Amino acid sequence: MAGAESSAGRQSELEPVVSLVDVLEEDEELENEACAVLGGSDSEKCSYSQGSVKRQALYACSTCTPEGEEPAGICLACSYECHGSHKLFELYTKRNFRCDCGNSKFKNLECKLFPDKAKVNSGNKYNDNFFGLYCICKRPYPDPEDEVPDEMIQCVVCEDWFHGRHLGATPPESGDFQEMVCQACMKHCSFLWAYAAHLAVTKIPAEDDGLVLNVDGKGDQEVIKTENGDHQESVLKEDLTGSGRDAVTDVKAEPTSEPCTSSSSEAGLQTAFKNQNLNAESQLRCRLQQLKAKQLIKKDGATYWPLNWRSKLCTCKDCMKMYGDLDVLFLADEYDTVLAYENKGKTEQATDRRDPLMDTLNSMNRVQQVELICEYNDLKTELKDYLRRFADEGTVVKREDIQQFFEEFQSKKRRRVDGMQYYCS
């Protein structure tokens, strides 16, 4: 008996001790994460009436729109009400999206919450995520065939998700970055390389030999170091035509020795110099123009950005036009970020009242606390097992399912209590 007790004692020493407070704090953290993703979205009303929502939680229904059909996305409320028993892909959040539920892409389903929808939402953007495929490898997540542990990171521009090993640039080991721009989007938004040299978490060298990026989109230039160490830029042959030639003609002309013979010529010269000065002033005001004056190495990979990096982007008239042409105006919107959306969700879900369970726990003696811990562990174990069935089947848990669980749990509890025998000493 003594040996058994000693063995039990050693076993208890090996097992981690977790208090009820620790459990509650862990559950609170998970609840906060859920609130961050879902809290900014309405769980009862279809978001269609709001138009293209700046950012919301989205789902794709594999049951209604399987691979091979047109992609479609549904809002949080419709995922509960209209697709509760269907197989869904969780898309996390997407920007500027209008709920598709029940439109022409759903051949045999009418939206229960907002049936009067247009046939299509032309402003929506879709990718392979809507069929449960991610990254350049076009694989599902989690991937049962992928044995390599790897973190998935969402690109802030295209909003696709990527394996860290498929980004062309290793994510910072510290994980200390707020947003990522993938390899393809850095090619599309080449102006970002000018900022990456100064703002990215993994700094891009500002000067070096080799190929230099012309961040205004007019082609690449080769940097040549002369013997005295100065840089000379030679425009590539293809740049001598089109926009490259225009860039050459913009060079300030040297004054000639021929006198002006007319007042109109003099006025024209004055106007030219005035416009030149205005252009110079404009360039001084533009952050991007100032950065473009520096030498930048052209890279080929993703970039990782710190908190509030978007606030450093230039918002002058020319840059805003460029963002519009590239369809990335959202980069200049501080409220477009996932972090801003998550903070909004947390704020809306926050309450001033204290946690009633914590208040109850503090008012109990030790015996009552132990009994509560046992009841809590039973509830947690059974609820986990119950919810695992829904996860395995890929179905949404509805309110009726939770009600049924607690009714069955209370019934089991009553049977246990009724079957107990009490003895008086």
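Quick caveat, the model's predicted, so the values are computed rather than measured.
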Output side-chain donor-acceptor pairs under 3.5 Å for residues 43-52, partner residues at least two apart or in another chain, one line each.
residue, atom, partner, partner atom, Å
S47, OG, Q56, OE1, 2.8
Y48, OH, A118, N, 2.9

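- The salt bridge (charged side-chain N to carboxylate O under 4.0 Å, His left out) contacts involving residues 168-179 comprise E179-R310, where partners must be two or more places apart or lie in separate chains.
- Qualifying side chain to side chain donor-acceptor pair (under 3.5 Å) partners for D325, counting only residues two or more places apart in sequence or in other chains: K321.
- Ion pairing of R389 with D392 is absent here, as no side-chain N (NZ or NE/NH1/NH2) approaches a carboxylate O to less than 4.0 Å.
- N96 pairs by the side-chain contact (heavy atoms from CB on, under 4.5 Å) definition with nothing, not counting sequence neighbours.
- Every residue was checked against the ring-ring contact (aromatic ring centres under 6.0 Å, His included) condition with F89, not counting sequence neighbours, and none meets it.
- Scanning for ring-ring contact (aromatic ring centres under 6.0 Å, His included) contacts around Y386 gives F390, F405, with sequence neighbours left out.
- F330 pairs by the ring-ring contact (aromatic ring centres under 6.0 Å, His included) definition with nothing, not counting sequence neighbours.
- Applying the ring pair (Phe, Tyr, Trp, His ring centres under 6.0 Å) test to every pair with at least one member in residues 49-78, sequence neighbours left out, gives no pairs at all.
- When the side-chain contact (heavy atoms from CB on, under 4.5 Å) test is applied to P140, the partners found at least two apart in sequence or on another chain are L133, D143.
- Looking at residues two or more places apart in sequence or on another chain, you find no side-chain contact (heavy atoms from CB on, under 4.5 Å) involving N108.
- Geometrically, K105 engages Y126 in a cation-pi contact defined by less than 6.0 Å to the ring centre and at most 45° from the axis.
- Among residue pairs with one or both ends in residues 55-77, those qualifying as salt bridge (charged side-chain N to carboxylate O under 4.0 Å, His left out) are R55-E159, R55-D336, E69-K107; sequence neighbours excluded.
- Partners of K112 under the side-chain contact (heavy atoms from CB on, under 4.5 Å) rule, at least two apart in sequence or in another chain, are E81, C82.
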